[in-house]
There are 2 protein chains.
Amino acid sequence: MVDNILPRPTKHLADEKSDREGGCFVTKLFGKRAQNREVQEARILEAATTCFVRAGFHGASMNDICSEAGMSPGALYRYFPSKESIIETIVAAHRKASAEILDRMSAYDNIIDALVMVGMEHIHQKSATSTGDGVGDANARIFAEIRAEAIRNEAVAAQCELYEGQMREQLLSAISAAKNRGEIDPIGDLGLVAATLAAMGEGVIMRNFPAQGVPVEALEPMFRALAVAILRPVKA
Amino acid sequence: MVDNILPRPTKHLADEKSDREGGCFVTKLFGKRAQNREVQEARILEAATTCFVRAGFHGASMNDICSEAGMSPGALYRYFPSKESIIETIVAAHRKASAEILDRMSAYDNIIDALVMVGMEHIHQKSATSTGDGVGDANARIFAEIRAEAIRNEAVAAQCELYEGQMREQLLSAISAAKNRGEIDPIGDLGLVAATLAAMGEGVIMRNFPAQGVPVEALEPMFRALAVAILRPVKA
DNA sequence: CAAAAAAGAGCGAATGTTCGTTCTCGTTTA
DNA sequence: TAAACGAGAACGAACATTCGCTCTTTTTTG
C-alpha cells in the first residue's frame with residue numbers, strides 16, 4: 001500500500017544507479033516527473049471522491065473513476081495499486097482534516113466556545129480530497145460511507161482509529177484542563193463525557209442540516225446547549 | 001425428449017375456479033403452504049441480516065445468504081425476487097421498529113422522561129429481523145449501513161423517509177404539546193429542536209457504546225442532560 | 001375415493017454481466 | 001535510449017439471477 005512510489009520496480013539495478021548519479025535522485029524527488037505524479041494523484045483522488053459521493057465506495061467502479069478523471073485504467077493503476085488504496089487514502093485525508101480542527105481548540109480560553117467552534121467547523125468542512133465545486137454535502141455523505149465501511153473493512157477502521165484516537169485525547173485533555181481550573185463541572189466520567197460529546201456532534205454532522213435548508217447559524221445554539229448541558233460551566 | 005416443451009402454461013381458468021370454491025381461498029391465505037412461506041421468509045431475512053451485519057449490504061453475496069439460510073439460490077429466489085427486495089424489507093423492518101419506540105412516548109406525562117426512554121430503548125434495541133443470538137451490536141451496525149445506503153439508493157431512502165417522517169411528527173407534536181402546557185421553554189425553532197435531538201441521539205446509537213464496554217446505565221444521564229439542555233424545562 | 005394433473009418447493013449447475021486488475025504496445029520525456 | 005507514461009483491449013473471478021429438473025403437496029377429475 002505504501003510502495004506505490006516506484007511502480008514496476010525491476011529492482012536489480014536501481015540501487016547501483018541512484019548511487020552512481022545523485023542528480024537522478026534529486027530529479028526523482030523534486031523534478032517534473034515527481035510534480036506530475038502529485039498532480040495526477042490529486043486528480044485521481046478528486047475524481048474518486050466525486051464518484052464515491054455519488055455512488056458509495058462499492059457502488060462506484062474503477063471505470064467510473066477513470067472516466068471522471070479522464071484517464072485510462074492503465075494510467076490510473078500507475079498511481080494507485082488498487083481501489084482499496086484509493087479508499088484508504090481518502091478516508092485518511094478525511095479523518096485527518098477532522099483531527100486538525102481539534103488542533104485549533106487551544107486558541108480558546110473557554111472550553112464551551114472551543115467546542116462550539118469544533119462543531120461549526122465540521123459543519124463547514126469540505127471534503128479534503130475535492131476542490132469544492134461538487135455537491136455541497138459531499139463531506140457528510142463521505143462521512144456516512146466511512147462509518148459504514150469502517151465496520152467491515154479493517155484497514156479503514158485502522159485509519160479511523162488512528163486519527164480518532166488523537167481526537168479523543170485532545171478532547172479529553174481540553175476537558176480535564178477546564179475541569180482542573182474550575183471552569184466546568186462535567187456530568188459523569190470524563191472519558192464518557194468526551195465520547196458522548198463527539199458522538200452527538202457526529203450525529204448532527206451526518207444529518208447534514210445545511211443541505212436540508214437549515215441555516216448553519218441555527219446550529220450554533222444547539223452545539224452550545226449540548227456543550228453546556230454535558231460540561232456544566234460553573235457560574236463566575 | 002422434445003415433447004416436454006410445454007410444462008408450465010395454462011392460467012386461463014384460475015379466476016372461475018377460485019370463485020367456485022371458497023375453501024381454496026382460505027387454504028391459500030392460512031394453509032400449510034402460506035405458513036411455510038412465512039417461516040421461510042423469516043429464515044431468509046434472519047440469514048441476510050447476519051450476513052449484512054458481517055459484511056455490509058454490498059459485501060455479502062447472495063451465495064453467502066443462501067449458505068447462512070441453508071438454502072439453494074433457486075429456493076431463495078422463490079421467496080424474494082431480488083437482493084434489493086431483501087435489503088428493502090430489512091431496512092423497513094428496522095426503521096419501523098424505531099418508529100414504534102416513539103409510540104410509547106404517550107405513556108409519559110413528562111417530556112424529558114419520555115425522551116430519555118426513547119434514547120435508552122434504542123440502545124437496547126435488537127435488529128428487528130434477527131432472533132437475538134447474533135452479534136450484540138447488530139443493530140448499530142445495520143443502522144450505519146442503512147444511513148450510507150440511503151444516500152445512494154432511492155428505494156432505501158424512501159423507506160427511511162416513510163418512517164422517519166412519522167417519527168419527526170410524533171417528536172414534534174410531543175414537544176409542542178409540552179411547550180403549550182408550559183412544561184418547557186425550548187431553545188429555537190421547534191422543528192429544528194426536534195431534528196437536533198433526533199440527530200444527536202442517533203449519533204450515540206451508532207457509536208454503539210455498550211459494545212465498547214460502556215455500561216448502558218451510564219448513557220441515561222447523557223440523554224437526560226441533552227434533553228434538558230435543548231428543551232429547558234421550566235421550574236415548578 | 002383413486003387417479004391424474006397441476007402447482008409448489010427445492011436443488012445446483014449454468015448464464016450473462018460487471019468489475020478490478022493486468023497486459024501489450026505505442027508515445028513522451030529526461 | 002532507456003525509463004516512465006498512457007491508452008485500451010483483454011482476463012479471470014465474482015456476482016446476481018435463471019434454468020432445467022426432481023420430488024412433494026394440493027387440487028381437479030372421472
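Convention: sequence-line order gives letters A, B, ...; per-chain numbering from 1. No hydrogens, no waters, no symmetry mates; every other heavy atom, side chains included, goes into these values.
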NZ/NE/NH1/NH2 to OD/OE distance under 4.0 Å, Arg168(B) and Glu161(B): yes
Any ion pair linking Arg147(B) and Glu164(B) (charged N to carboxylate O, less than 4.0 Å)? yes
Can you measure [X] atom [atom1] to [N] atom [atom2] for me and round it to whole angstrom units?
{"X": "Glu41(A)", "N": "dC5(D)", "atom1": "CD", "atom2": "P", "result": "10 Å"}
{"X": "Asn36(B)", "N": "dT26(D)", "atom1": "CG", "atom2": "C1'", "result": "13 Å"}
{"X": "Glu84(B)", "N": "dT17(D)", "atom1": "CD", "atom2": "P", "result": "9 Å"}
{"X": "Ile65(A)", "N": "dC19(C)", "atom1": "CD1", "atom2": "P", "result": "11 Å"}
{"X": "Arg37(B)", "N": "dG8(C)", "atom1": "CZ", "atom2": "C1'", "result": "9 Å"}
{"X": "Tyr77(A)", "N": "dT21(C)", "atom1": "OH", "atom2": "C1'", "result": "5 Å"}
{"X": "Met71(A)", "N": "dG20(C)", "atom1": "CE", "atom2": "P", "result": "17 Å"}
{"X": "Gln40(A)", "N": "dT29(C)", "atom1": "CD", "atom2": "P", "result": "12 Å"}

Partners of Arg141(B) by salt bridge (charged side-chain N to carboxylate O under 4.0 Å, His left out), sequence neighbours excluded?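 For Arg141(B), the residues satisfying salt bridge (charged side-chain N to carboxylate O under 4.0 Å, His left out) (neighbours in sequence not counted) are Asp137(B).
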Would Arg43(B) and Gln40(B) count as having a side-chain donor-acceptor pair, cut-off 3.5 Å?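 Yes, Gln40(B) and Arg43(B) have a side-chain donor paired with an acceptor closer than 3.5 Å.
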Can you figure out which of dG6(D), dT21(C), dT18(D) approaches the side chain of Ser82(A) most closely? dT21(C)
When you compare the side chain of Arg95(A) with that of Met167(A), does any pair of heavy atoms fall below 4.5 Å? yes
For Cys66(A) and Gly70(B), take the nucleotide of DNA chain C holding the closest heavy atom to each; which residue's nucleotide lies nearer the 5' end? Gly70(B)
Report yes if a side-chain nitrogen or oxygen of Tyr79(B) is closer than 4.0 Å to either non-bridging phosphate oxygen (OP1 or OP2) of dG10(C); otherwise report no. yes
Quick one: the side chain of Arg78(B) and the base of dG10(C), do they pair up donor-acceptor inside 3.5 Å? yes
Fit a plane to each ring of Phe52(A) and Phe57(A), take the angle between them on a 0 to 90° scale, and name the class: parallel (under 30°), tilted (30 to 60°) or perpendicular (over 60°).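 Rings of Phe52(A) and Phe57(A): perpendicular, as their planes differ by over 60°.
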Can you list every side chain to side chain donor-acceptor pair (under 3.5 Å) pair that touches residues 84-93 of chain B, not counting sequence neighbours? Glu84(B)-Asn153(B)
Polar atoms only, N or O, under 3.5 Å: list the protein pairs with nucleotides 8-15 of chain D and their distances.
unit_1, atom_1, unit_2, atom_2, d
dG8(D), O6, Gly74(A), N, 3.2

